[in-house]
2 protein chains.
Amino acid sequence: MAKSKEAKSLDTTTEEKIKAAARVVFHKKGFAATRTRDIAEEAGINLALLNYYFRSKEKLFDIIMFETLFGFMQNMAMVLNDEKSTLEKKVEMIAYNYIDFITKEPNVPIFMLSELRNNAGRLLEKLPIKQLIMTSAFFRQHQEAVAKGKITEPNPLHFLMNILSLVIFPFIAQPLLQGISGLNETQFNKLMQERKKMIPVWIKAMMKAK
Amino acid sequence: MAKSKEAKSLDTTTEEKIKAAARVVFHKKGFAATRTRDIAEEAGINLALLNYYFRSKEKLFDIIMFETLFGFMQNMAMVLNDEKSTLEKKVEMIAYNYIDFITKEPNVPIFMLSELRNNAGRLLEKLPIKQLIMTSAFFRQHQEAVAKGKITEPNPLHFLMNILSLVIFPFIAQPLLQGISGLNETQFNKLMQERKKMIPVWIKAMMKAK
DNA sequence: AAATAAATTAATCAAATGATTAAAAATATT
DNA sequence: AATATTTTTAATCATTTGATTAATTTATTT
């Protein structure tokens, strides 16, 4: 190895530069539309280095995809499995965390969900996501709330879908929504910030509806 | 022309076969991932015919994209602009129509929104969608309901985003949701059918929340 | 400093892919 | 029936694109 194993500040490694570039380009254009040359250019490296470090476009993609999925799920899993926080607090946390996260990484949701559509099996099998969510404190607390009559909708999947829908969808539909409304990006982001406070209120109201 | 202009049952024309095939493949894989050979094979025609009838992959795509966008918006525009129906009825109509439509065409939302992300300007300029929605009876009725204190959230965009989110997002996230829940496609579709009735109830409750 | 190993580059390959062409087949016109 | 027009096909082109190779440069080890 030409570089000492420990130091080299890790983020300026050639390998890391390529990964960072791959993340940017894959997230923006998806697997099919990105050319390895795009990544090389974004990283400022010779194209051959991409294959030298990662063997193939597909292997590099798998790494980026896994890290993206993992990063996205990690936060959710943490929140949903927190035994100390209430159900209401969890809704707040998800709204806050994800609206901030997606505002910074607006391409991640549609990237993830587009690519999952081709390959859900292969891409999800590395993550124990089913176990993590279905046995979470979140689901247990939901069932308790249903038992106590505090929540009318008995299916926790609807509950989870509703939260994620209200949080994530507007970002996915952003170009369409801006086309409809005429808002610019700044105004749109302001709208999303408003939703951080509103979504928990809305969720609370709708889950008591009957 | 080898075929009489009027008759020829329109759907069996070579041109129509190509368009139908292009619709299937583009919707499933998006522009970048579809090869003109995929379309030719799906249509059961010689590859050269695609260029003979449509000049280029891109021109064919533009036609499919326009028709897809138009088809998707048409229904919404109709419902939102209906002066006779109440606001509540409009919410019901959107939930019913779109859940049925997307169940039949599950790739359309993510196709549309993915492709719009590359090219919103060019692709939306042919549709007068802003005008159509911002001046609709739906928006006016919403403002009236706000004025009467029947709805607390004053921004009609939040109202529209919430409806579309609850209706469309679960389909976009279907592979992930099935991965989380372990449901098969039939069970998933049943869940979506439940939402046809629930979404209007939820929307009603949440828009009165404060 | 010499020898060895690792990283980087320019050039090139092979396959895939959008598109065209020239000939053949099918259809319409006279 | 003869001619003209349109549609379809097989073959081919030119470019793009993922990947490799062989040579060069840089770093590490002895």
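Heavy atoms only: backbone and side chains are in, while hydrogens, waters and symmetry mates are out. A note on names: the letters A, B, ... follow the listed sequences, proteins ahead of strands, and every chain is numbered from 1.
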Query - Between N107(B) and R23(B), a side-chain donor and acceptor under 3.5 Å - result: no
Query raised in the report: Between K196(A) and E92(A), does at least one N-O distance fall below 4.0 Å, as a salt bridge requires?
Result: no
Requested in this report: For the pair K29(A) and D38(A), find out whether any cationic side-chain nitrogen is under 4.0 Å from an anionic carboxylate oxygen.
Outcome: yes
I need the [atom1]-[atom2] distance between [X] and [N], as an integer number of Å.
X: I39(A); N: dA19(D); atom1: CD1; atom2: P; answer: 10 Å
X: I45(A); N: dA19(D); atom1: CD1; atom2: P; answer: 13 Å
X: E15(A); N: dT8(C); atom1: CD; atom2: C1'; answer: 15 Å

Requested in this report: Would you please confirm or rule out a distance under 4.0 Å between OP1 or OP2 of dA7(C) and any side-chain N or O of T14(A)?
Outcome: no
Query - Expected output: side-chain K28(B) to main-chain T34(B) donor-acceptor under 3.5 Å - result: no
Query raised in the report: With a 4.5 Å heavy-atom cut-off, do F171(B) and F188(B) have their side chains touching?
Result: yes
Requested in this report: State, yes or no, whether a side-chain contact exists between Y53(B) and K19(B) at a heavy-atom distance under 4.5 Å.
Outcome: no
Requested in this report: Spell out protein contact along nucleotides 10-21 of chain C as letters: B when the base is contacted, S when just the sugar-phosphate is, - when no protein heavy atom is under 4.0 Å; keep the 5' to 3' order.
Outcome: B------BBBBB
